[in-house]
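Worksheet: one structure, shown below.
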There are 2 protein chains.
Amino acid sequence: MKKQEQIEDAVVDIILSEGAFAVSTVKVAKKVGISQSNVYLYFKNRDDMLMSVYQRQIKRIQSRVDFKQLGDVSIPIETRVKMYVRSVYDFSKENPQGLTVIQQIKFLMGQVDFGPAIDFVKLNEVVPKLIKEAARQRLIKPMPASVLMAMVFAVISTNINNVKKGEYSKDQYSFEDLFALVWEGIKL
Amino acid sequence: MKKQEQIEDAVVDIILSEGAFAVSTVKVAKKVGISQSNVYLYFKNRDDMLMSVYQRQIKRIQSRVDFKQLGDVSIPIETRVKMYVRSVYDFSKENPQGLTVIQQIKFLMGQVDFGPAIDFVKLNEVVPKLIKEAARQRLIKPMPASVLMAMVFAVISTNINNVKKGEYSKDQYSFEDLFALVWEGIKL
DNA sequence: GTTGAAAAAGATAAGTCTATCTGTTATAGT
DNA sequence: ACTATAACAGATAGACTTATCTTTTTCAAC
């Protein structure tokens, strides 16, 4: 495995065990087994390292999204919203710590400002468009896409966290169950 | 104003401007205008200081909740769920940065473990009871209370953040609008 | 095998932070 | 006025960090 990836994995490890604020070049280097100064061969600085990890996770979510279909007006809107929720859900199942990592880094960098549009990039364009279209057609309530996205994120990540904590099995609540919570909330 | 409160206010300031991880005794002392060592006259250590701020916010939310009514079986369940959501909503309106502060500190301490039941204390007992009762009566879908609470939190804090960012006025979405998003999602 | 570049380690300056300890000033009670 | 205590400031040890600069090692090309 490439050293840069090893470093990124080490960052994820530390985020999950100690939190994003605890990530330091010293700890990362120790975990990978390289000297601290060499971290700077692969990343400009600490923030750059964190951002790289963040964007890797975002890419993984977005790789599950079929943006073409999401913008395809011939597909019913409910189906498209469902597709979006499903991709977040699938990501959370395959990568249970992924949403935590995203949240952690976002929180760490959030205040500081890490550029306007670095966030969910494409999703932050496509989903609002979808929501607006649906609202115009009076299929869903008028609402900001950010609220919908936050709901989806909250439901899915709380569920996966409960599973991780062993509060119930991962099959206790199906995707349909979780989707219903969101969809019936927003539909008109 | 009591010095301890001044310190807690300074902590909130720093959390809002730089994030919880950036809170240090040095910065806090500078903000209040006391010497750094004196912070330790009011708090056992840094974590104690953060926890104190956290619990102050929680108390402020809980002071809005009528726990007696919330557990009163003679009141319809929808009304009681609504009461709960309303108290979080009212808190967010009166104290727009309150939810951010809670989230920030939770994130910071979250990984480390700051005791099992320190969280929303009473709310973390009463709301799950309410949800279970409602589910048993087949009024709402069976679901963990944590998911409901996360939804409520997500909707309300995203809305207030959008308002703070100036994306729309605080009256754009009424309490009823936001409540509908949650209630219609969970009801059977 | 020599050379030159890339990859790594080492050393270090400069900064921040926590927590404690030691003094000093203010203040209340007597 | 005196004293005990609370409130405060100052100093400092010890840990950690970041980012840079210097030196060593590795290794491929010639």
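None of the values given here were measured: they were computed from a predicted structure. Lettering follows sequence order; numbering is per chain, from 1.
Side-chain heavy atoms closer than 4.5 Å link hydrophobic residues (I, L, V, M, F, W, Y) into clusters, and following such links, possibly through other members, connects A/L130 to A/L123. Cluster annotation: A/I102 and A/V127 are assigned to the same hydrophobic cluster (Ile/Leu/Val/Met/Phe/Trp/Tyr, side-chain heavy-atom contacts under 4.5 Å, transitive). Residues B/I160 and B/F179 are members of separate hydrophobic clusters, defined by side-chain heavy-atom contacts under 4.5 angstrom among Ile, Leu, Val, Met, Phe, Trp and Tyr.
Between the P atom of D/dT17 and the CZ atom of A/R46 lies a distance of 10 Å, rounded to the nearest Å. Atom-to-atom, CZ of A/F21 to P of D/dC16 comes out at 15 Å; the value is rounded to the nearest Å. When rounded to the nearest whole Å, the span between NZ of A/K30 and C1' of D/dC16 equals 10 Å. One atom, OH of B/Y40, and another, P of D/dA11, lie 18 Å apart when rounded to the nearest Å. In this structure, CG of A/L41 is placed 13 Å from C1' of D/dC21, rounded to the nearest angstrom. In this structure, CZ of A/F43 is placed 16 Å from C1' of D/dT18, rounded to the nearest angstrom.
When the side-chain nitrogen and oxygen atoms of A/T25 are compared with OP1 and OP2 of D/dT18, one or more of them lie within a distance under 4.0 Å. Remark: B/N38 is in phosphate contact with D/dA9, judged by side-chain N or O atoms under 4.0 Å from OP1 or OP2.
A/N159 and A/Y168 share a donor-acceptor pair across their side chains, judged by distance under 3.5 Å alone.
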Evaluation steps, side chain to side chain contact (heavy atoms under 4.5 Å, CB included), between A/F175 and A/V85: CA-CA 9 Å; A/F175 168 72; A/V85 180; 3.8 Å; yes

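Ranked by how close their nearest DNA chain D nucleotide is to the 5' end, B/Y42 and A/S37 are led by B/Y42.
Using a 4.0 Å heavy-atom criterion, one finds that B/I34 contacts the sugar-phosphate atoms exclusively. If you check every strand for non-hydrogen atoms under 4.0 Å, A/K27 touches sugar and phosphate atoms only.
Taking the charged nitrogens against the carboxylate oxygens, A/K27 and A/E18 do have a contact shorter than 4.0 Å, which makes a salt bridge. The pair A/R56-A/D9 meets the salt-bridge criterion, since a charged nitrogen lies less than 4.0 angstrom from a carboxylate oxygen.
Reading DNA chain C from its 5' end, the first and the last nucleotide to sit under 4.0 Å from a heavy atom of chain B are C/dC17 to C/dC21.
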